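Below is a structure I'd like to ask you about.
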Amino acid sequence: MRIDIGPYEDRTNEVGERLDRRINIHIDNYDTWNMDYTLALIIVPMLKQLRDEGHGAPGDIPEFQQTSNQAQDSFPFYGEEDDMAWEAGHTRWLNMLNEMIWAFEQVIEPQEDLYWKPTNKTPQVDTILDDEDILVSRRVFDRDGFEQYSNRIENGLMLFGKYYRGLWD
């Protein structure tokens, strides 16, 4: 994969038409083999930059709907409540961005091994033996923990899809 996307151009050609952004994208066959992983490698740093710049947030976050949307300078508490709603909205947006980042990081480097727990009891899975048939380990799978882990990933990916059109700065 090779991607070269230039900056937005703020210039026009000789007849006054706005020049388009330079976009050159080459996708190799192997890039689509594990496309979720390939895209996650690109998405994580972009989400982190968006989070760190922090200039904008989608307008449909519930806290933003709690503002008065009116400039009533005669009552200072309106401004204070608006400020509190905006702060709460941006905090929620940062939390959602962090969940998206975490989910895509799990796509890149899954932590599924954390859900195999050692036990002294009879294992629920086959015992692992080395070449000399010596017991190496007995482990059980933490299904509840893994389900919570998987659900958190799905939630982060769902947030990415839901707010895809709001990923701007």
Side-chain angles (χ1 to χ4, degrees), residues 1-5 7 23-67 81-169:
M1 175 182 299
R2 288 178 296 287
I3 300 174
D4 179 22
I5 302 175
I23 300 174
N24 296 310
I25 300 173
H26 173 80
I27 307 293
D28 293 300
N29 290 339
Y30 53 82
D31 291 321
T32 54
W33 176 256
N34 200 6
M35 197 165 102
D36 60 335
Y37 175 82
T38 302
L39 290 174
L41 292 171
I42 298 165
I43 291 169
V44 167
M46 291 185 82
L47 286 174
K48 285 181 177 180
Q49 182 176 327
L50 182 66
R51 175 197 62 198
D52 295 344
E53 293 295 322
H55 294 146
D60 65 342
I61 292 176
E63 286 79 357
F64 292 146
Q65 309 308 314
Q66 297 172 13
T67 61
E81 289 175 1
D82 284 356
D83 290 345
M84 290 172 23
W86 279 98
E87 182 68 29
H90 284 285
T91 298
R92 177 177 271 208
W93 177 235
L94 286 176
N95 290 338
M96 286 191 280
L97 284 172
N98 284 329
E99 281 300 299
M100 292 180 223
I101 291 166
W102 182 87
F104 281 104
E105 287 175 336
Q106 300 313 301
V107 172
I108 295 169
E109 193 170 329
Q111 304 295 315
E112 291 143 348
D113 286 347
L114 297 175
Y115 300 95
W116 285 98
K117 307 289 184 188
T119 182
N120 292 330
K121 299 177 183 176
T122 304
Q124 296 175 357
V125 296
D126 292 337
T127 303
I128 301 169
L129 301 175
D130 67 12
D131 292 339
E132 298 173 8
D133 291 335
I134 298 173
L135 181 63
V136 175
S137 68
R138 291 183 175 197
R139 304 183 308 165
V140 294
F141 188 64
D142 178 6
R143 291 184 194 284
D144 292 337
F146 183 74
E147 186 174 334
Q148 290 175 4
Y149 169 78
S150 296
N151 289 341
R152 185 174 173 199
I153 293 171
E154 288 304 313
N155 182 60
L157 298 176
M158 183 273 311
L159 287 170
F160 182 81
K162 179 176 180 179
Y163 290 104
Y164 183 79
R165 299 290 302 243
L167 298 174
W168 52 269
D169 190 25

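Small disclaimer: the values here were computed from a predicted structure and weren't measured.
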Parallel, tilted or perpendicular: which describes the rings of Y115 and F146, with under 30° parallel and over 60° perpendicular?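 Correct class here is perpendicular.
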Nearest non-hydrogen partners of G56 and H90, listed with the distance: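 Scanning both residues completely, I find the closest heavy atoms to be C-CE1, 4.3 Å.
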Which atom of E63 lies closest to which atom of A85, heavy atoms considered: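 Closest pair (atom of E63, atom of A85, distance): O-CB, 3.4 Å.
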Any side-chain heavy-atom pair of D60 and Y163 under 4.5 Å: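 A side-chain contact exists here, since the closest heavy-atom pair is under 4.5 Å.
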Examine distances only and state if a side-chain atom of Y149 and a backbone atom of Q111 form a donor-acceptor pair shorter than 3.5 Å.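 Yes; at least one donor-acceptor contact below 3.5 Å.
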Would you say D28 and H26 are linked by a side-chain donor-acceptor pair, where the criterion is simply a distance under 3.5 Å?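 Yes.
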Where do T38 and M1 come nearest, in terms of heavy atoms and distance?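 It is CG2-CE, 3.4 Å.
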Do L167 and F160 touch side chain to side chain, with heavy atoms closer than 4.5 Å?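 The answer is yes, as the side chains (C-beta and beyond) meet within the 4.5 Å cut-off.
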Inter-residue atom distance N151.CG - M158.CE, 0.5 Å rounding: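 CE of M158 is found 11.0 Å from CG of N151.
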On a heavy-atom basis, which atom in E105 and which in V44 lie closest, and how many Å separate them?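 Minimum heavy-atom contact is N-CG2, 3.9 Å.
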Minimum side-chain heavy-atom gap I108-Y37 below 4.5 Å: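 The answer is yes, as the side chains (C-beta and beyond) meet within the 4.5 Å cut-off.
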How long is the straight-line distance from CZ of F104 back to CD1 of I43, given to the nearest 0.5 Å?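 It comes to 4.0 Å.
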What is the minimum heavy-atom distance between A103 and G156, and which atoms define it?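 A103 and G156 have their closest heavy atoms at CB-CA, 3.8 Å.
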Go through it in stages, so that I can follow the logic: the residues are M35 and T32, the test is side chain to side chain contact (heavy atoms under 4.5 Å, CB included), and I'd like the CA-CA distance, side-chain angles, deciding distance and then a yes or no. CA-CA 4 Å; M35 197 165 102; T32 54; 4.1 Å; yes
State whether the side chain of N98 and the backbone N or O of L94 hold a donor-acceptor pair below 3.5 Å, judged by distance alone.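 Flag set: sc N98 to bb L94 pair under 3.5 Å.
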For W93 against G166, the heavy-atom pair lying closest together: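 So the two residues come closest at CZ2-O, 4.0 Å.
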So how far is it from D31 CG to I25 CD1, rounded to the nearest 0.5 Å?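 Reported to 0.5 Å precision, the distance equals 11.5 Å.
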Does M100 reach the side chain of K162, with side-chain heavy atoms less than 4.5 Å apart?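 No, too far: nothing below the 4.5 Å cut-off.
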How long is the gap from CH2 on W102 to CG on N155, to the nearest 0.5 Å?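 Result: 9.5 Å between the selected atoms.
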Distance in Å, E53 CD paired with W168 CH2, rounded so as to fall on 0.5 Å steps: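 Taking CD in E53 and CH2 in W168, the distance rounds to 13.0 Å.
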Can you confirm whether M96 sits close enough to I61 that some side-chain heavy atom of one is under 4.5 Å from a side-chain heavy atom of the other?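 The answer is yes, as the side chains (C-beta and beyond) meet within the 4.5 Å cut-off.
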Between OG of S150 and CZ of R143, what distance do you get to the nearest 0.5 Å?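 Output value for this atom pair is 12.0 Å.
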Look at atom CE of M46 and say whether more than 12 heavy atoms of other residues, nucleotides or ligands are closer to it than 6.0 Å.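 No, the 6.0 Å shell around CE holds no more than 12 heavy atoms from other groups.
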Is any side-chain heavy atom of E87 closer than 4.5 Å to one of T91?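 Side chain of T91 against side chain of E87, heavy atoms only: contact under 4.5 Å found.
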